[in-house]
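A quick write-up on the structure given underneath.
Keep in mind that what you see is a predicted model, and the values were worked out from it rather than measured.
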Amino acid sequence: MSDRLRAVLSEPEAGRFGPEADLIRATVRSFVATEILPHVDRWEEAGTFPRELYPRAGDVGILGVGYPEDVGGTPTGLWGQIATWEEMARCTSGGIAASLGSHHIALPPIVAHGTPEQQARFVSPVLAGDRIAALAITEPGAGSDVANLMTRAVRDGDHYLIDGSKTFITSGVRADQITVAVRTGGPGHDGISLLVVEADVDGFTRSGPMAKMGWWPSDTATLYFDRVRVPVANRVGPENAGFRIIMENFQMERLQLAVSGYVTAETAIVEAWRYATDRTVFGRPVAGFQANRHRFVDLVAETTAAKEFTYRAAEGIERGEDRTTEISLAKLLATAAAEHATYAAVQLFGGAGYLRGNVAERLYRDARILAIGGGTSEIMREIVAKRIL
Amino acid sequence: MKIAVCAKQIPDPATPYELDPEHHWIVRPDDQILDDTDRYGVEIGLQLAEASEGSVTLFSMSPAGNLQGIRQALAMGADKAVIVSDPALKGSDALVTAKVLARAIQQEGFDLVIAGTESTDGSAGVLPQQLSELLEVPALTFAKAVEHDGDTIRIHRQTPDGYDEVEATLPAVLTVTAGVVEPRYPTFKGIMQAKQKPVEQLTAADLGFDATEVGAAGSAQYVRSVTPVPARQAGEIVEDDGEAYRKILEVLEQAKVV
């Protein structure tokens, strides 16, 4: 029974993704099955995972999915990317998936607006897994309010001098390079630029990994900039044009978070129902009670609808259309589905679901960040309200 | 070295197989995957080709469908594929299949033919030996390790007690077991490149067969009837009265585990 449920939730309709994306899915599935799943419990408890996983993922092509060939990527189209993100999210550890994917928010501005020299230095080695890349926007004093960020970069000849700090930075502890949003001009969104800071420069320090509710193996850090000298050649795009680039970049990040949302929901539903078919109470399986059956069908409906809506946004993006409204709605729907499904999964597991090491317990904790990171649900509602009301 | 690898497209074993009620042939959907046992043949073929600056050509006889199974092997790194796909071949037994593949392989030329030990869907396990007979070259079978040195190929042939060392001069036929190598994942690059690789599709007539020589008409073997697998019997439960270990030892000895 749980096989049928798994097929309904996790196997794409034949022909939906296309033959290449289907093969990519199979490859990522094998990679996750052999390189991650056997170690995932241990890495979760350790709060980290070996750095060697990056070049392994790089060799297969996972890190370079969707990037142009001349920077070392594989241009698979969006469906190849979605297939990759879906299967990576099925590793059951949001922290590992997020760490291995942190370059997906750090690199696209360099790919879209960087010079060939910047791309050779900052994109290719990251896609190969030899360097780790992070994006730093959030500050202790400004999160969702990007236009009011305070970290300052003052021009000094061929360099900028950066002062300020960034926080909640995914891959912040291990990153070799950080794409940093800084204020180079006046107040508001017209004064923001993006600079690539290499982690070995003087004046740059960072906290150890921040202890978090979920995403344990992910190295989240606070970054400090004390007169950090960065060449002007490291600026991505024109001066003071950073805000627009950041907003563009958010679209793909939110699409990925929507994918993480519905996959988290699917995994929670399948794992909980597998347990429910085995576990007997009052002389029958937990799965035999109508209250549980109906509740789980509701969850399947909610999750599938969120997934299909995300696919609809993706189809528009593939045609080159602006899908900001749909992407925001997809993130809102899919991350809510993740919360509902993981809550129900823990409930169905009962006491076992409250124990550390139980997959439902982990998914429940990991799901919570999805409605916060990459723009909160409140921001998603605000974006949609501005566009349609 | 010119390497021919036999690669079969089969319906996904994770899905229930459908047999047509009249002939008991497997109903083959458009969407077939590469037989898992063939991934080992493809991998060893690629390794031998890489070491000898050779090439790997895949050979398959099956309805082409959407070619997804063949693409999987091309994505691993094979150079091209020759697939014999023809409604006239429906119902071919192992020997007819071997004749068709032998002619396709001969037409292309080869130093080494590699196959799995048996397919997952048919499980006859005789085709590679028939191929070696038809191609008039030696057969090295059940290899769990392979070594290649100039014109010589040397293998560890899996036996119930261990292995035999067997060697032959090329050209030859080689069958490999699942333990021989760890097959690589198709990389994303390999998957995208596979789209551009040549896949030659042939009919039985292209290989000089007429309709009476192939398919059900040309086959001596047919399936008389099909019986469902009997349900698994419950295991034996040994109550432990302090002496259960004796019984367990006895069972292990019978199974030749100890």
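Scanning both residues, A:I96 and A:V40, for their nearest heavy atoms gives CD1-CG2, 4.0 Å.
With chain B as the partner, the residue from A:I24, A:V65, A:V28 showing the most heavy-atom pairs under 4.5 Å is A:I24. Residue with the most contacts toward chain B among A:P75, A:A26, A:P19: A:P19 (heavy-atom pairs, distance under 4.5 Å). Options B:A75, B:A194, B:P186, B:A14 differ in how many heavy-atom pairs under 4.5 Å they form with chain A, and the most are formed by B:P186.
For the pair A:R6 and A:E266, the salt-bridge criterion is not met [side-chain N within less than 4.0 Å of a carboxylate O].
Although no hydrogens or angles enter the test, the distance criterion places no donor-acceptor pair under 3.5 Å between the side chain of B:R39 and the main chain of B:P183.
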When you look at A:E315 and A:R16, which way does the salt bridge (Lys or Arg N to Asp or Glu O under 4.0 Å) test go after all the steps?
CA-CA 11 Å; A:E315 278 160 6; A:R16 179 104 199 211; 3.7 Å; yes
